[in-house]
Every structure is written in C-alpha cells, then in structure tokens.
Amino acid sequence: MKIILEYNLFYISLISTVLISLLVAARFLLGRRIHRVFFSLAWMIVLVRLLLPLCVTVPVECPEILDRVNGWIRSVPTGQYFLIWAAGVVMSVTFFVVRYVRWGRILREALPIQKVPDIDEEMFTFMGIRVYVSDRIASPVTYGIFQQKVLLPKYYMELTREQLKFILIHEKVHIDRHDNLNKCLVILAVCLHWFNPFAWLMYVCYNQDLELACDEKVIRQVGEDSREDYAGVLISLAQGRPVAKPIYSGFAQNAVKERIIMIMSYRRARVWNYVLCGVLALFSMVVFAVPVKTEEVTELTPQNKQPVFTPKREEKEKGEENFEAVDVTKVIEEDSIGTKAEVVVKTKEDVSLRLKIHFRKELAVTNGNFISFQIKGKEWEAGIDDEYDGTVTIPEAVRYKGKVYPVKGIGNYTFYQCRKLRKVVIPNTVEEIKEKAFESCESLKTLRMPENLELVEANPFVGCCSLKCFQAPESTEMKGQYQVKKGVLYTDYGRFLKVFPQGKKMKKFVLKEGVSQIAVCGFYGTQVEEVHLPESLLRVKSCAFQNCRNLKVVRAHRNTVFSGDSLAGAWRARILRYD
C-alpha cells in the first residue's frame, strides 16, 4: 500500500461520481432523519477527492469485470482532449467570475446601516460583524470571502428586533463556518470537472445542504421553542427572491419549502445518526483507493503462445534449500509483538547493509524505506553508507536467533543516492525490487537481474545515468515473466517494456513487434533521439519518456494511446503517426 499521484482526471471524476450518487440517494431516502451538517461534511470528502490528485494503492484480488472497467477508465486517451477540457475550464471560470464581478459591483454600493428606532444599536455590533444596507437585494446576504459583510434589504426598518436577531445569527453562522470560501472551492471543482454532470449536481445539493445545516445550528442556538418564529421570518423574507448568485450566503434563497419542513420537524441528533454518518465517511474513503491486482505467474504454451495462468510456485519445504547466510552484527529495533526487526549485516565486502526481517513470513528484505533522524539533513537515508564507492553483494539469507531468513526483496530507498556505488550483486533469492530502490546510483553501469524476479515497481532506476544495460542471470534464463533483451528489461514475457537503461547510448531505438505497452517512466532520462513503436503497441503510460531531453521524434501507430504526461520534460519531442 502506498500513496501515489493520480494523473488521470477522468478517473478521478468518474470515481467521485460513485460517491456523489450515493450521497444524493442518501439525501432522498434519509434526508429528514440525518442532520444536514453531516451531509455538508460528506460533500467536503467529495470535494477533496475532486481537487486532490492522490490515490492509495491497495493490493487486492479484483473481480475480472471490475478489473476490466478500471483498465478501460485508465486507458481513455485524456491527453488527446486536453484542449477541449482546457476550453471548458476557461468558459466555466469565466461564467462564474463574470457573475461574481457583476453582483459584486451591485453589492459594493451598499451603505453602512443607520440606527433604527426602538432597536438597540448594539444589535448590529455585538456579533462582531459589519452590517450594510442595499436597495438592490430582496433578502439578507453575506458577501465576500475573507472580509465578509452582511447586507440587509432596504426594508430592514420594518423588521422587529426578534426578526433582525434571527437574521444576524443566521449570517454569523455562515461567516463562522467560512461557507463562502467553501463555495469557492466547490466552484473550482465544478470548473475542473465541468464535463461531469454529477459535479454540477453536487454544486446544487451542497448549496442546499449548506443552508439547511446553517438553519439547524441557528435552532440549536435560539432553542427549539423559537422554531415557528424562525420559520415565519424565513417565509416573510422569501417573497421577493433575487437571481441566484454564485459566491454568497443568503437567508432566504434556497429551497424555502424544504427548509421550513426541516425547521418544523427538527429533532436533536441521536446516537445512530453519528454511527451511520461515521460508516458513510469511512466508506467514502474508498474513492481514494486504487485496486492493484496482484501479479500472477504465467506460462506460454508452445502451441498458441498465449498466456495460461497458473498459481505461483510453492515454496520449497524448510531445509530443502541451502542458503549462504550471514549473521546479524547489530539489531537496530525489534517490535514488541514479534513480527519484524531492523538489523545490520556485513556483506562480503565488509559493508554494513541494513535489512528488515519479517518473522511471520520467514523472509528478509534489504531496507532503506524508513524515516531517519534527519541525518545529514536528509529525510530519507539509504540502506548503506551513501559515500561507499565499491561493490555490494546482497546476501542470500540472514541468520538470526537460530533461524535462516532468505532475502526476498530490495526495498524502497535501499541504495538511494549512492552516487559512487559501482556494482551491486543481486542473489537469485530476490523476487521483488521496489520503487526508488536504486534511484540516483550515478556510477552503476550494469546490473544482473535475479532469475526468480517476480515484481519490479515503477522504474526503480531513475537517475542511474551511467546504467548501460541489464544482464540476464548466469543461467541466461529467468524463471518468471521478466526478460532481458539486448540490455532492456521487459515483463509479461516480453510484451511490456519495463525499463530502458538510462545510460544506454543509442540515437535510434526500434521496438520489436509484439510489445504492447511501455511502463511508467520506462524511458526516463534516456539519451535516445528517435523511437519507433510497433503497430502492436497499444499504450504508452504516464511519464514514459519523462526528461528525455534529446528525444526528437516518437513514431507511433495512429491507434497507440499516449498518457497526457508521457512526454513530460521532453521538450523537443513530437509524435508522428503512421497508419
């Protein structure tokens, strides 16, 4: 599980639609049973999802239908429609800005309120808000975002002291809750997702729930015995309804009938309200989760060359394998429940290497993905001394407390920014290489891949500017789906280009027919100038050619889909299509 940046705006919008639909259904079915303050908070979760491009990956076994839908959503060529989306954003922003400026001019003409006979002057100042009067509005409003002021219609002198008190309390609640600022954020989300009708539906429902939540708080302040008087003021001020304006909070503009029904049927929130809303809030967090299907090992049949899915190979019985184990020289930390431990071992070169042992899984991984104590001013610290300039041989296994734990993975930040490191020997026991494992190892020239490799996360070799080629294991055969061809790392039995070495000097690279995808950051920072993609290539993923500053031309079939940021940083590059 990890937090990632989500570049697909269409995916964010569509996944948010699910939660919007659920909230609208909940409003329709339980609107009178659940206080609207809970709904206004739930809309904030939707708002964060629409504005914040972050996702949390969750490794789960997805049903095939959901996996297909998720793949279809992410394969939509959003980059091809960028200009249309940008034009829609500009038009939406212009629409709201023009309305705001237009009504802003009218409302800025308001004058400070004058003293009213039989009404205490302190009425307008005891709440610490500025009150003005305008003959251009039909009901009270709160205008502004940071320096807010309350505007009353010109007939305010006809109001009683009790009516004026209700109005000022209502507008003060809007000010304290920063409702106008929240409306600005909702409008921003609507402008970014203008193509989604559910985003506009959220805008309408949020405004209604905002007023209803404000009414609930007013009733709690003035008491339930004053509900009839409060509803009477609402009805009297709703006679002359003005045109709706985008960024202000008004007293009697939104769904008057619904508000009166809510006021008259108001009851204090019960325990089950809080329980139900807590469940709803937890469920809504699902919109931040991205299911990642666990990888399966596949075999190709010689008859049709199509993948046949088979379960992963079973672990050999304990004691069947003879590992070359090293002893622990130092224990950094061992948790109290006995699930893992941070230890230090010595490699063949007498280099201290930090590892993490998982007792329950009976395996170990090289470890660099922990928060250091700001050593050397860095937040992340590598698993070895980052000034070391020789060779590191990762041990096959670790012996700790009488047991042997094979090294199965290379963790995040293990060799992070070890710029002088010249060679890393990876044992065949290693099955996983995590993201950023070798980032910025600038002196690393070649790397021999283990034969049991099963998972390589998004380009762990970013910044390895001298890495010229990957090498197959000594047996020249990899047992899983990963392959090395001419120094380039592939997966899915050669159909998915995983990593092109950043230091491989080649002006022109022609990708062979049969390759269907290029992975995230697959060509990151390479020196290649021209790339020819085959007709079989279906998709180029996010940041595939990022920072390829020498890249000039990418020749691709007209059906090949490029992610919107696949050429980020490759300023000179252009895509030439062929049929």
Side-chain angles (χ1 to χ4, degrees), residues 295 297 312-335 338-370 381-386 388 390-416 418 421-439 441 444 446-457 460-461 470-475 478-480 482 489:
E295 293 191 79
V297 178
K312 293 182 180 180
R313 63 181 181 88
E314 296 181 357
E315 295 290 338
K316 296 183 179 180
E317 294 183 3
K318 193 173 183 180
E320 185 178 340
E321 292 177 315
N322 296 319
F323 297 115
E324 186 178 345
V326 296
D327 294 320
V328 172
T329 60
K330 179 182 179 182
V331 178
I332 299 176
E333 181 182 3
E334 183 174 352
D335 62 21
T339 58
K340 61 185 178 181
E342 299 267 359
V343 300
V344 176
V345 300
K346 292 288 187 179
T347 68
K348 289 182 178 180
E349 299 80 16
D350 198 33
V351 176
S352 296
L353 176 63
R354 187 178 294 108
L355 293 100
K356 181 183 292 182
I357 301 175
H358 298 274
F359 299 126
R360 293 180 180 177
K361 297 181 180 179
E362 295 192 348
L363 56 86
V365 295
T366 56
N367 179 55
N369 55 338
F370 72 100
E381 185 184 14
I384 67 168
D385 179 10
D386 57 9
Y388 179 68
T391 300
V392 170
T393 301
I394 299 175
E396 287 186 347
V398 180
R399 185 181 296 105
Y400 183 61
K401 292 185 178 180
K403 286 189 176 182
V404 174
Y405 301 90
V407 177
K408 294 286 188 178
I410 302 178
N412 297 321
Y413 297 90
T414 299
F415 300 105
Y416 180 64
C418 295
L421 184 64
R422 299 182 180 276
K423 185 178 180 180
V424 178
V425 179
I426 305 176
N428 286 330
T429 55
V430 170
E431 297 177 355
E432 297 185 2
I433 300 178
K434 297 292 187 179
E435 188 177 358
K436 298 183 182 295
F438 293 89
E439 182 165 329
C441 291
L444 194 63
T446 61
L447 193 65
R448 189 179 299 277
M449 308 309 291
E451 63 181 24
N452 294 320
L453 190 62
E454 293 185 358
L455 174 64
V456 176
E457 293 191 354
F461 312 99
F470 295 100
Q471 296 176 344
E474 295 179 357
S475 61
M478 300 180 74
K479 297 180 179 179
Y482 282 87
L489 183 63

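On a predicted model such as this, the values are computed, not experimentally measured, just so you know.
Shown here are the side-chain contact (heavy atoms from CB on, under 4.5 Å) partners of R448, two or more places apart in sequence or in another chain: Q471, E474. Take K423 and apply the side chain to side chain donor-acceptor pair (under 3.5 Å) test, not counting sequence neighbours, and it matches no residue.
Using a 4.5 Å cut-off on side-chain heavy atoms (C-beta onward), P395 and L353 make contact. Looking at heavy atoms from C-beta onward, L444 lies out of side-chain contact with F461 at the 4.5 angstrom threshold. Looking only at side-chain heavy atoms (C-beta outward), E334 and Y400 come within less than 4.5 Å of each other. Between Y405 and F323 the shortest side-chain heavy-atom distance does not fall below 4.5 Å. Counting only heavy atoms from C-beta outward, the side chains of F438 and L421 never approach each other to under 4.5 Å. Considering only heavy atoms from C-beta on, I332 comes within 4.5 Å of V344 through its side chain. Taking 4.5 Å as the limit, every side-chain heavy atom of P450 sits out of range of all side-chain heavy atoms of E431.
A donor-acceptor contact shorter than 3.5 Å is absent between the side chain of T393 and the backbone of V425. Between the side chain of N452 and the backbone N or O of N428 there is at least one donor-acceptor pair closer than 3.5 Å.
Put simply, CG on D386 and CZ on F415 are 12.5 Å apart, with the number rounded to the nearest 0.5 Å. With rounding to the nearest 0.5 angstrom, the CD1 atom of I410 is 11.5 Å from the NZ atom of K434. Between atom NZ of residue K479 and atom CG of residue L453 there is a gap of 13.0 Å, rounded to the nearest 0.5 Å. Taking OG1 of T414 as the start and CZ of R354 as the end, the distance is 9.5 Å to the nearest 0.5 Å. Separation of atoms CD1 (I384) and OG1 (T347) is listed at 8.5 Å; rounding is to 0.5 Å. We find the NZ-CD1 distance between K403 and I357 to be 11.5 Å, quoted to the nearest 0.5 Å.
The two residues L363 and K408 come nearest to each other via the heavy atoms CB-CG, 3.6 Å. Contact between E396 and T429 at its shortest, heavy atoms only, is O-OG1, 3.5 Å. Between E457 and N412, the shortest heavy-atom distance links the atoms OE1-OD1, 4.2 Å. Considering every non-hydrogen atom in both V404 and P406, the closest pair reads O-CD, 3.8 Å.
Under the 3.5 Å distance criterion, with hydrogens and angles disregarded, a donor-acceptor pair is assigned to the side chains of K346 and S352.
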Does the pair K348 and T391 meet the rule for a side chain to side chain contact (heavy atoms under 4.5 Å, CB included), with working shown?
CA-CA 9 Å; K348 289 182 178 180; T391 300; over 6 Å; no
Let's go through V424 and I394 carefully: what are the C-alpha distance in whole Å and the side-chain angles of both, what is the deciding distance for side chain to side chain contact (heavy atoms under 4.5 Å, CB included) to 0.1 Å, and is it a yes or a no?
CA-CA 7 Å; V424 178; I394 299 175; 4.0 Å; yes
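Environment of CD in E324: sparse, with no more than 12 heavy atoms of neighbouring residues, nucleotides or ligands closer than 6.0 Å.
V407 pairs in a side-chain contact (heavy atoms from CB on, under 4.5 Å) with only one of the listed residues (L355, V345, V365), which is L355.
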